[in-house]
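All values reported here derive from a predicted model rather than from experimental measurement. Numbers restart at 1 for each chain; the letters A, B, ... are given by sequence-line order, proteins then strands.
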Amino acid sequence: MTDKKNPKWVPQLLTWYDVHKRELPWRDCGDPYKIWVSEVMSQQTRIEAMKPYYDNWMRLFPTLEDLAKATEDEVVHAWQGLGYYSRARNLRLGVKDVVENYGGIVPRDRKTMESLKGVGSYTAGAVLSMAYNEPEVAVDGNVLRIYARLYRIFDDILSTKGKKAITAIVEDTLPHDRPGDFNQALMDFGSAVCIPKSPRCGECPIVNMCEAYQHKDTDKLPVRIKKTKVVEVPLFVGILQYKDYYLLHKRPNRGLLRSMWEFPSVEMVSTFDEGERGLEELVQDLGFELSLQPVLVKEITHIFSHRKWFMKAFRGDLTYAGDAKNITIEAIQKQLPKDWMLIKRDEFADYAWAGPHGKLTEMAK
DNA sequence: AAGTCGGGGAT
DNA sequence: ATCCCAGACTT
């Protein structure tokens with residue numbers, strides 16, 4: 001990868017940084033403790049959000065020794081509202097470690113630094129490069145995004161593989177004369193220009209070196225495959241009959257299974273009574289009374305990409321409330337909202353079913 | 001490798 | 001509403 005060493009964009013970015021860098025309380029202060037605190041506070045947190053906390057923190061715990069003396073309750077209280085509270089607990093433990101075992105000197109090498117509580121690869125690199133000007137990379141979300149675009153890398157930047165691939169390039173391109181400035185330049189650049197959505201390529205100082213820009217891929221990069229956790233949804237379904245007709249509902253024209261037909265159903269129920277009440281409410285709004293049979297007729301588990309339905313289906317009979325004795329189906333149909341309908345079993349095949357609801361049609365009798 | 005941990009600003 | 005942020009730790 002020697003072709004990637006000393007790329008032209010690095011001095012260009014540093015020149016941009018010299019003009020546009022943000023003035024921050026911990027920047028260029030040379031105090032490893034202050035930089036350490038600022039880095040931990042910044043994890044998964046926007047600078048503007050953590051700034052007031054940083055100022056308050058430094059009033060309460062101006063030095064390593066002050067923080068090492070503080071209790072866990074005190075540090076967590078000072079963190080109140082910032083979120084990710086284990087950051088505060090670990091920061092205190094890490095600082096205690098330094099005071100008690102390293103003579104109060106923040107370590108100058110990555111291995112020791114990373115052994116401290118709450119200090120991972122990123123924070124170690126940030127502190128070492130910014131406080132000691134050690135040639136260490138600090139690969140965070142900004143850096144992953146910027147490099148994915150600059151070098152047109154389509155690996156998932158959230159995966160181990162993508163992070164390793166990009167970290168290798170960052171190590172190759174790190175300028176050893178100004179590592180601290182370079183790492184901070186990437187942060188400022190990432191938050192001001194090479195932003196996640198709609199990057200400001202018009203004002204980018206290194207657009208001439210950006211492979212994503214040249215290939216018009218800036219909006220496709222970086223690739224982030226979010227592992228959406230599958231939400232488990234209990235679903236209480238009614239196969240509800242009015243004479244020879246079944247009551248169906250059309251899902252809204254958005255979201256999951258949009259505009260497809262389903263049997264009336266309610267989410268988030270754990271008991272039969274709860275589900276029965278939910279269905280009663282549904283059909284009463286339509287002018288029906290419900291008599292539900294407490295016999296489970298079908299159970300289906302259906303997995304979508306981000307959602308898992310646990311369906312329990314029950315049969316029930318409907319009577320029309322405003323019952324003029326021989327009211328016709330057509331007359332009732334006309335009263336229903338247009339996302340509801342009554343159809344016979346032999347018409348089931350004519351409609352688009354909302355996924356697993358189609359399997360329930362065979363339970364209609 | 002996946003799950004967990006918060007809160008807020010931008011879109 | 002979703003996305004995503006100067007990530008680290010546990011399972």
Asks: Can you tell me the distance, in whole Å, between the CG atom of Asp219(A) and the P atom of dT11(B)?
Replies: 14 Å

Asks: Is the base of dA8(C) touched by the side chain of Arg89(A) through a donor-acceptor pair closer than 3.5 angstrom?
Replies: no

Asks: Counting only heavy atoms and a strict 4.0 angstrom limit, can you tell me which residues of residues 27-63 of chain A come near DNA chain C?
Replies: Arg27(A), Glu39(A), Ser42(A), Gln43(A), Gln44(A), Arg46(A), Ile47(A)

Asks: State whether the distance check finds a donor on one side and an acceptor on the other, under 3.5 Å, for side chain Tyr84(A) versus base dG6(B).
Replies: yes

Asks: Kindly say if Ser86(A) contacts the phosphate of dC9(C), meaning a side-chain N or O under 4.0 Å from OP1 or OP2.
Replies: no

Asks: Look at the side chain of Met187(A) and decide which nucleotide, out of dA6(C), dC5(C), dT10(C), has an atom nearest to it.
Replies: dA6(C)

Asks: Can you measure Ile166(A) atom CD1 to dA6(C) atom C1' for me and round it to whole angstrom units?
Replies: 16 Å

Asks: Consider the side chain of Arg224(A), meaning its heavy atoms from C-beta on, and name the nucleotide among dT10(C), dG7(C), dC4(C) that approaches it most closely.
Replies: dC4(C)

Asks: Would you mind classifying the nucleic acid contact of Gly190(A) as base, sugar-phosphate or nothing, using non-hydrogen atoms under 4.0 angstrom?
Replies: nothing

Asks: Whole Å only: how far is the CH2 atom of Trp79(A) from the C1' atom of dG7(C)?
Replies: 12 Å

Asks: Between CE of Met58(A) and CG of Asp66(A), what distance do you get to the nearest 0.5 Å?
Replies: 10.0 Å

Asks: According to side-chain hydrogen bond (donor to acceptor under 3.5 Å, both in side chains), does anything in residues 82-101 of chain A pair up with another residue at least two apart or in another chain? List the pairs.
Replies: Thr45(A)-Arg87(A), Glu72(A)-Arg89(A), Lys96(A)-Glu100(A), Asp97(A)-Asn101(A)

Asks: If Ile, Leu, Val, Met, Phe, Trp and Tyr residues are connected whenever their side-chain heavy atoms lie under 4.5 Å apart, and connections chain through other members, are Val119(A) and Trp57(A) in the same group?
Replies: yes

Asks: Tell me the interatomic distance from Arg145(A), atom CZ, to dC4(C), atom P, rounded to whole angstroms.
Replies: 9 Å

Asks: Between His20(A) and Trp16(A), does the ring centroid distance fall short of 6.0 Å?
Replies: yes

Asks: Using a cut-off of 4.0 Å on non-hydrogen atoms, how would the nucleic acid contact of Leu82(A) be classed: base, sugar-phosphate, or nothing?
Replies: base

Asks: In whole Å, I'd like the distance from the CD1 atom of Ile146(A) to the C1' atom of dC4(C).
Replies: 15 Å

Asks: Just how far, in rounded Å, is P of dA6(C) from NZ of Lys21(A)?
Replies: 18 Å

Asks: Taking the ring centre of each residue, are Phe314(A) and Phe236(A) less than 6.0 Å apart?
Replies: yes

Asks: For Ile195(A) and dA6(C), what is the distance between atoms CD1 and C1' respectively, to the nearest whole Å?
Replies: 17 Å

Asks: What integer number of Å spans the C1' atoms of dA6(C) and dG3(B)?
Replies: 22 Å

Asks: Just do the side chain to side chain contact (heavy atoms under 4.5 Å, CB included) check on Tyr246(A) and Leu318(A) with the steps written out, would you?
Replies: CA-CA 9 Å; Tyr246(A) 291 87; Leu318(A) 297 167; over 6 Å; no

Asks: How is Asn183(A) classified with respect to the nucleic acid when contacts are heavy atoms under 4.0 Å: base, sugar-phosphate, or nothing?
Replies: nothing

Asks: Using a 4.0 Å heavy-atom cut-off across all strands, classify Ser198(A) as base, sugar-phosphate, or nothing.
Replies: nothing

Asks: For atom P, what is the distance between dG8(B) and dA8(C), given to the nearest Å?
Replies: 22 Å

Asks: Tell me which of Gly81(A) and Thr160(A) sits closer to the 5' end of DNA chain B, going by the nucleotide each one is nearest to.
Replies: Thr160(A)

Asks: Looking at Asn208(A), is its backbone amide N or carbonyl O close enough to the side chain of Gln214(A) to form a donor-acceptor pair, meaning the two atoms are under 3.5 Å apart?
Replies: yes

Asks: Whole angstrom is fine here: how far is it from CG in Asn90(A) over to P in dG6(B)?
Replies: 12 Å

Asks: For residues 179-188 of chain A, which side-chain donor-acceptor pairs fall under 3.5 Å, sequence neighbours excluded?
Replies:
residue: Asp181(A); atom: OD2; partner: Arg178(A); partner atom: NE; Å: 3.1
residue: Asp181(A); atom: OD2; partner: Arg178(A); partner atom: NH2; Å: 2.9
residue: Asn183(A); atom: ND2; partner: Ser129(A); partner atom: OG; Å: 2.9
residue: Asn183(A); atom: ND2; partner: Glu136(A); partner atom: O; Å: 2.9
residue: Asn183(A); atom: ND2; partner: Pro179(A); partner atom: O; Å: 3.4
residue: Gln184(A); atom: OE1; partner: Arg27(A); partner atom: NE; Å: 2.8
residue: Gln184(A); atom: NE2; partner: Gly180(A); partner atom: O; Å: 3.3
residue: Asp188(A); atom: OD1; partner: Arg22(A); partner atom: NE; Å: 3.0
residue: Asp188(A); atom: OD1; partner: Arg22(A); partner atom: NH2; Å: 2.8
residue: Asp188(A); atom: OD1; partner: Arg27(A); partner atom: NH2; Å: 3.2
residue: Asp188(A); atom: OD2; partner: Arg22(A); partner atom: N; Å: 3.0
residue: Asp188(A); atom: OD2; partner: Arg27(A); partner atom: NH1; Å: 2.8

